[in-house]
Amino acid sequence: MKALYSFFAVIILIALAYLGITADMTTFFGLVLPYIAAAAFIFGVAYRILIWAKSPVPFKITTTCGQQKSLPWIKNSNLESPHTTLGVIGRMALEVLFFRSLFRNTKMSLKDGPKIVYGENKWLWLAGLVFHWSFLIVIIRHLRFFFEPVPEFILLIQSLDGLLEIYVPVLYMTGVALLMSVTYLYLRRALIPQINYISLISDYFPLFLIMAIAITGALMRYTPLRVDIIKVKELAMGLGSFNPVVPEGIGAIFFIHLFLISVLLIYFPMSKLMHMAGIFMSPTRNMKNDNRMKRHINPWNYPVDTHSYEDWEDEFRDVMKEAGLPLEKE
Amino acid sequence: MSAKKPTPADLIQIDFNPGKKDWMDAKIDFEKKRGNWNYQVLPKSAEYVGMPYPRKWSPADEDWKLPDNWQKIIFEGLRDRLDKYRSFKIFMDICVRCGACADKCHFFIGSGDPKNMPVLRAELLRSVYRNDFTAAGKIFGSLAGGRKLTVDVLKEWFYYFFQCTECRRCSVFCPYGIDTAEITMMGRELLDLVGLNIDWIGTPIANCHRTGNHLGVQPHGFKDSIDFAVDDLEDITGVRAEAPINKKGAEILFVIPSADYFGDPHYFGLLGYIALFHEIGLDYTFSAYASEGGNFGLFHSNEMMKRLNGKIYNEAKRLGVKWILGGECGHMWRVLHQYMDTMSGPADFMEEPVSPITGTKFENSKSTKMIHICEFTADLIKHNKIKLDKSRNDQWRVTYHDSCNPARAMGLLDEPRYVINGVCNHFFEMPENTIREQTFCCGSGAGIGTDENFEMRMRGGMPRANAVQYVHEKHNVNLLACICAIDKATLPPLMEYWVPEVEVGAIHELVGNALVMKGEKKDRTDLRGEPFVGTETAGKEEEANV
Ligand code: HEM
Ligand code: SF4
Ligand code: SF4
């Protein structure tokens with residue numbers, strides 16, 4: 001049901017774009033909206049980060065996933081339980097670049113006995129990693145539209161990506177990988193009962209949206225719906241240099257692609273996609289486990305009512321005296 | 001009325017398929033779910049420490065007698081906490097519902113209840129947050145995953161936030177480190193704002209505030225208990241130790257969880273500490289005022305935690321000690337390691353801890369100035385400062401349960417193992433997915449270790465028990481060692497339920513057993529009063545077992 005809502009939402013978006021283009025609104029879809037979307041993305045993300053940053057971090061609540069730094073002869077695990085800044089950087093790098101924590105994933109099953117078994121389960125990790133890395137590379141490759149001459153490193157990535165020359169035009173591995181992994185991510189939501197149960201409309205929507213972006217992209221490149229790359233580049237350079245023009249005769253499919261990307265950019269800051277920024281600010285991961293070495297300051301640490309020793313002794317003086325416990329006041 | 005206790009065979013029929021129904025429809029039948037929740041806080045305890053809206057009510061009642069403006073109170077409380085805790089705000093916003101945490105929670109594994117998946121536990125609150133605190137939720141409501149805060153939703157919070165032991169296992173597996181324990185803590189604070197709390201949290205807090213410990217033991221009772229232990233130790237070993245209380249000018253203040261002087265098998269650990277300190281001639285003192293290291297305030301609210309915790313530094317200052325040593329306890333060490341210095345510090349009236357026996361500087365605690373007994377003892381063993389006869393623990397085939405907080409909120413993993421290996425011959429690890437940072441909770445922490453919650457405790461403890469059963473069957477393990485007061489109280493019934501042949505003990509009980517004391521009597525026994533299994537006979541027995 002929820003998946004269907006999201007699916008139709010994406011279909012409606014595609015229809016909207018198509019209608020718009022046939023109604024000759026190319027300026028809006030090709031120029032105005034991309035600018036709005038880019039601005040919404042940049043300001044939206046910045047706004048969300050600022051809102052997060054406004055809330056202080058009152059306590060150092062690192063989740064320690066390894067041995068603490070204590071006695072000199074006990075080996076500390078500085079990547080899983082970092083006590084130095086370098087350790088934290090290492091830990092975060094592993095999380096962001098390789099999804100370290102997701103790599104721990106196991107699958108529990110209950111066997112007769114009863115015996116609980118924790119099996120290996122790296123599929124989500126693998127699909128997640130493939131999805132994100134190919135997404136990133138696809139984005140980097142797209143930068144070629146915005147530069148003339150195209151910077152060396154983009155060309156390099158592009159040629160590596162197309163290394164398997166199994167198709168004309170060159171088939172980019174990341175495009176295929178992106179589609180496959182995003183399909184897997186959808187399938188597990190649809191098929192694994194628990195994941196299905198927890199999934200919201202807002203979990204399916206970005207998957208379908210990204211899927212649609214990838215498919216429209218592929219259609220433009222590998223099928224007769226092919227568009228004129230020179231003209232696309234003209235448009236992209238125009239956007240990038242704030243001298244926007246919409247060249248005549250780019251196929252509608254391109255505008256659908258661009259429209260979906262604009263939607264993704266606008267949707268990004270108000271959605272769970274903000275995990276991109278949130279992961280860097282998560283206190284259980286980005287703090288040192290040096291709690292007892294270095295005092296952490298809580299900016300709102302207000303005084304509270306504790307039971308003072310004096311009051312306590314007042315209450316129990318008689319019994320303490322009888323028991324021979326030392327007293328402050330006889 | 002208490003529920004009939006289900007048998008292990010009943011409990012093990014677990015259905016992990018959540019079905020197709022929308023989880024957002026909340027309705028808990030508390031009457032039917034007896035055995036899975038805890039009794040309400042007594043008004044007397046609530047009043048004593050000033051918890052809001054003390055009243056007579058029961059979760060089983062239809063009407064919880066909420067204050068009229070309860071929704072407003074919750075919303076304001078939620079806003080306030082979002083502004084105060086970045087952790088909370090980020091955890092509300094960035095979960096992608098990938099489900100990596102789902103089958104990592106012992107309560108889900110043991111119950112199959114989908115709302116015990118950490119992600120859904122968090123969503124119970126997150127859905128309300130989305131509905132009323134995000135733009136998308138305000139506009140699109142349930143389409144954006146929002147949910148209105150109704151009485152049924154509130155009841156659901158009560159049910160599930162007191163079905164989380166704040167163990168942080170989920171946080172280890174989450175790609176963003178989302179810590180459902182943190183969300184549970186916020187959820188519990190919000191519930192408390194409208195007077196919804198449980199008695200096994202409220203009453204220990206009231207006791208602790210008044211007398212200094214959860215059990216409400218008054219100073220003379222505390223002294224009796226310690227004196228009794230000293231006598232007992234003399235009976236067992238023939239050695240008369242000293243155990244000073246409230247002694248000014250002692251070098252070290254020693255703080256333990258109160259169960260150590262009242263519970264069993266905790267008590268054997270207490271005997272172990274006293275024997276050890278006597279043997280090395282440590283200049284230390286107990287305190288009757290700070291006679292509780294444990295802190296049930298942690299399970300109530302940040303503020304309550306601070307109110308109870310303040311006593312430790314107060315007392316250290318009053319007595320003029322150089323530093324503080326802490327006994328075996330789990331959540332106590334979360335508070336001491338991650339909160340105390342920040343809340344109640346700075347501890348600049350003390351000195352950086354140095355072991356008077358080995359000269360080791362505990363640089364890892366140079367600010368907080370409190371060290372863990374396992375760090376202290378490991379250092380003693382490393383420097384050969386105590387005479388140990390490992391064979392005195394040969395009656396035990398030991399495995400070690402990492403308690404959640406020392407493992408995941410401290411990283412105290414190898415010190416206890418070093419100590420165990422230093423005092424026992426037979427030590428066996430449980431499977432790797434169930435120990436160290438991936439350790440499974442006893443299922444009864446965070447204030448929910450009550451009798452009325454028996455079924456859920458046995459369910460939640462099942463993964464731990466199952467791992468013990470594995471080493472029991474494979475290696476004949478018969479002792480589950482641990483360093484947590486709640487474990488020592490709740491693992492014995494858990495073992496009795498799932499693996500009846502395994503007993504539970506403190507690490508410092510094992511230390512006390514192995515400790516060869518100067519002037520001990522010939523026929524001394526172990527700390528439980530059992531004669532030692534002679535080295536030779538033990539050897540034979542083992543051969544016979546092969
Ligand atoms: C620093 C950058 C980022 C990091 C470290 C990161 C990390 C992760 C991780 C660990 C997951 C969970 C595993 C999975 O489902 O793959 C995830 C999920 C997801 N990420 Fe990212 N991400 C980043 C940026 C992005 C961006 C830029 C997008 C897209 C616009 C994105 C889209 C998604 C989506 C849609 C999911 C959910 C997949 C599902 O439904 O199962 N991420 N991310
Ligand atoms: S592992 Fe983290 S991101 Fe994934 S569902 Fe659980 S809390 Fe959400
Ligand atoms: S903190 Fe522990 S008990 Fe709570 S949801 Fe996470 S795994 Fe479950």
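Values below: every heavy atom of this structure, side chains too, minus hydrogens, waters and symmetry copies. Quick note on labels: first sequence line is chain A, next is B, and so on, each numbered from 1.
Among A:Met274, A:Gln68, A:Glu95, the residue with the largest count of heavy-atom pairs under 4.5 Å with chain B is A:Gln68.
No side-chain donor-acceptor contact under 3.5 Å links A:His296 and B:Asp341. Counted by atom type alone, A:Ser70 and B:Asn364 present zero donor-acceptor pairs between their side chains at under 3.5 Å.
Using a 4.5 Å cut-off between heavy atoms, A:Asn196 contacts chain B through its side chain alone, with no backbone atom that close. In this structure, chain A has no heavy atom under 4.5 Å from any part of B:Ala102. Proximity to chain B (any heavy atom under 4.5 Å) is restricted, for A:Glu328, to the side chain, taken from C-beta onward. For A:Arg295, the parts sitting under 4.5 Å from any heavy atom of chain B are the backbone and the side chain alike. Using a 4.5 Å cut-off between heavy atoms, A:Leu185 does not touch chain B at all. Only the side chain of A:Ile195 comes within contact range of chain B, with heavy atoms under 4.5 Å apart. Both the backbone and the side chain of B:Glu415 come within contact range of chain A, each with at least one heavy atom under 4.5 Å from a heavy atom of that chain. Only the side chain of B:Gln438 comes within contact range of chain A, with at least one heavy atom under 4.5 Å from a heavy atom of that chain. Heavy-atom distances place no part of A:Phe99 under 4.5 Å from chain B, backbone and side chain included. With a 4.5 angstrom heavy-atom cutoff, B:Gln13 does not touch chain A via any of its atoms. Only the side chain of B:Lys248 comes within contact range of chain A, with heavy atoms under 4.5 Å apart. Neither the backbone nor the side chain of A:Glu80 comes within contact range of chain B; no heavy atom of the residue lies under 4.5 Å from a heavy atom of that chain. Using a 4.5 Å cut-off between heavy atoms, A:Ile198 contacts chain B through both its backbone and its side chain. With a 4.5 Å cut-off on non-hydrogen atoms, B:Asn433 touches chain A through its side chain but not through its backbone. At a 4.5 Å heavy-atom cutoff, A:Lys321 makes no contact with chain B through either its backbone or its side chain. Both the backbone and the side chain of A:Tyr302 come within less than 4.5 Å of a heavy atom of chain B. For A:Gln194, the parts lying near chain B are the backbone and the side chain together; criterion is any non-hydrogen pair under 4.5 Å. Both the backbone and the side chain of A:Ile279 have a heavy atom closer than 4.5 Å to some heavy atom of chain B. Proximity to chain A is absent for every atom of B:Met340, based on heavy atoms less than 4.5 angstrom apart.
The heavy-atom pair separating A:Met320 from A:Tyr309 by the smallest distance is CE-OH, 4.0 Å.
Using bins of under 30°, 30° to 60° and over 60° for the plane-to-plane angle, the ring pair B:Phe440/B:His106 lands in the perpendicular bin.
For the atom pair B:Ser87 OG and B:Met185 CE, the distance stands at 9.0 Å (nearest 0.5 Å). Atom CD1 of A:Ile61 sits about 7.5 Å away from atom CE of A:Met287, to the nearest 0.5 Å.
The list of ring pair (Phe, Tyr, Trp, His ring centres under 6.0 Å) pairs with a residue in residues 82-102 of chain B, not counting sequence neighbours, reads A:Trp300-B:Tyr85.
A salt bridge does not link B:Glu315 with B:Lys311: none of the charged nitrogens is closer than 4.0 Å to a carboxylate oxygen.
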